[in-house]
Amino acid sequence: SDKGLIVSFGEMLIDFVPTVSGVSLAEAPGFLKAPGGAPANVAIAVARLGGKASFVGKLGDDEFGHMLADILKQNSVSGDGILFDQGARTALAFVTLRADGEREFMFYRNPSADMLLKPEELNLDLIRSSKVFHYGSISLIVEPCRSAHLKAMEVAKGAGALLSYDPNLRLPLWPSADEARKQILSIWDKADIVKVSDVELEFLTGSNKVDDETAMELWRPNFTLLLVTLGEKGSRYYTKNFRGAVDAFHVNTVDTTGAGDSFVGALLCKIVENPTILEDEAKLREVLKFANACGAITTTKKGAIPALPTEADALALING
Ligand code: ADP
């Protein structure tokens with residue numbers, strides 16, 4: 001196909017989600033296995049919308065790693081960038097569903113296979129063939145995957161890809177909040193497109209106001225697009241020439257996991273189809289409406305991957 005390739009780089013793992021909420025991990029009567037990891041969700045979001053997607057990352061050569069590789073394949077995501085570590089195991093997260101609806105995570109990462117991705121193991125031809133290269137921050141935490149992350153960004157950029165960054169802040173994974181902020185901001189200005197949630201905006205700026213002035217503190221002169229996602233309040237956009245907000249859709253929300261990844265996947269799909277939307281506010285607003293619809297749909301079902309929409313699903317919501 002002549003569609004531009006979107007390469008998503010970083011972690012893929014399994015969340016063990018208890019079948020009931022409001023109890024401790026030890027008291028949970030059972031768990032469901034929910035595959036996830038933000039970059040992997042984005043890759044599947046792109047493929048489900050009909051885009052061309054590839055995932056680059058390392059899995060354990062174990063039952064869970066092979067399960068995850070199969071899930072990518074079943075969802076039409078190219079596996080050319082998947083590596084299996086012969087020693088370490090696949091990353092896992094054990095989730096507590098608190099009574100107040102929030103989630104707490106305990107990670108198996110000591111170290112997990114994804115953290116052991118080495119720069120020299122990267123499939124550079126694949127990365128060079130990307131039109132958009134998307135990544136999160138988890139791979140910045142430790143070596144050697146940190147060096148692999150920096151190299152992959154450099155190679156993609158050198159080959160002319162647009163770089164897309166979603167920090168996916170998961171504080172418990174970092175040694176400290178200061179370290180997380182420092183590392184995230186250390187690669188901040190290398191991206192072309194950056195998406196943050198309202199929580200990340202506050203964290204990175206140290207402000208308690210989610211407004212244009214705070215968002216502009218995160219703007220860099222080389223950015224083409226900065227996005228702030230606001231859950232049921234929709235999203236805000238900032239470019240060199242215009243800024244604004246696009247309302248969310250009203251849906252029956254049951255689980256917001258993956259909404260941001262669905263939003264990003266939709267946006268990247270449309271940008272790869274037609275990069276000129278970045279210079280045309282009316283077109284960009286249409287695309288963000290589509291991305292908001294994709295995010296909204298993702299909240300209407302449990303889990304991230306099962307809830308990601310097709311283009312027809314999104315158009316059905318938009319056209320009511
Ligand atoms: P993140 O996962 O990055 O925090 P959000 O939860 O803000 O991202 O979700 C991304 C987008 O998905 C939002 O901008 C919005 O358009 C849509 N969305 C998320 N939650 C809801 C919701 N409860 N109702 C409607 N749309 C939602």
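Order of listing sets the numbers, starting from 1, for every ligand and every atom in it.
Counted by atom type alone, Asp80 and Ser54 present zero donor-acceptor pairs between their side chains at under 3.5 Å. Between the side chains of Ser24 and Glu27, at least one donor-acceptor pair of N or O atoms lies under 3.5 Å. Side-chain atoms of Thr90 and Tyr108 include no donor-acceptor pair closer than 3.5 Å. With no hydrogens or angles considered, a side-chain donor-acceptor pair links Asn274 and Thr276 at under 3.5 Å. Using modelled atom types, one finds a donor on one side chain and an acceptor on the other under 3.5 Å when comparing Asp255 with Thr257.
If you number the atoms of ligand 1 from 1 as listed, the ones under 4.0 Å from a heavy atom of Leu230 come out as 7 (O), 14 (O). Heavy-atom proximity to Thr253, at under 4.0 Å, picks out these atoms of ligand 1: 22 (C), 23 (N), 24 (N). Atoms of ligand 1 lying under 4.0 Å from any heavy atom of Lys195, numbered from 1 in the order shown and given with element: 1 (P), 3 (O). Taking a cut-off of under 4.0 Å to the non-hydrogen atoms of Gly295, the atoms of ligand 1 that pass are 12 (O), 17 (C). Atoms of ligand 1 found under 4.0 Å from any heavy atom of Phe249, numbered from 1 in the order shown, are 24 (N), 25 (C), 26 (N). Listed by atom number, the atoms of ligand 1 under 4.0 Å from Ser197 heavy atoms are 3 (O), 4 (O). Numbered from 1 in the order shown, with element, the atoms of ligand 1 that lie under 4.0 Å from a heavy atom of Ala259 read 9 (O), 10 (C), 12 (O), 19 (C).
Summarising the contacts of atom 19 (C) of ligand 1 with Gly231, Ala296, Pro167, the nearest heavy atom is found in Gly231.
Of the heavy atoms in Asp198, none comes closer than 4.0 Å to ligand 1. Contacts of His250 with ligand 1, taken as heavy-atom pairs under 4.0 Å, are absent altogether. Proximity of Thr299 to ligand 1, defined as any heavy-atom pair under 4.0 Å, is confined to the side chain (atoms from C-beta onward). In Asn292, the parts holding a heavy atom less than 4.0 Å from any atom of ligand 1 are both the side chain and the backbone.
Closest protein heavy atom to atom 14 (O) of ligand 1: Gly234 O, 2.9 Å. Among protein heavy atoms, atom 2 (O) of ligand 1 sits closest to Gly260 N, 3.2 Å.
Aromatic ring orientation, Phe133 versus Tyr135: tilted (interplanar angle from 30° to 60°).
The ring pair (Phe, Tyr, Trp, His ring centres under 6.0 Å) search around Phe64 returns Phe16, not counting sequence neighbours.
Ionic pairing of Lys131 and Glu273 is not present here: no N-O contact between side-chain nitrogen and carboxylate oxygen is shorter than 4.0 angstrom. Under 4.0 Å is where a charged nitrogen must lie from a carboxylate oxygen, and between Lys73 and Asp70 no such pair does.
Screening residues 237-252 for salt bridge (Lys or Arg N to Asp or Glu O under 4.0 Å), with sequence neighbours left out, gives Asp212-Arg243.
Remark: ligand 1 and Ala248 share no N or O pair separated by less than 3.5 Å (distance only, no angle test).
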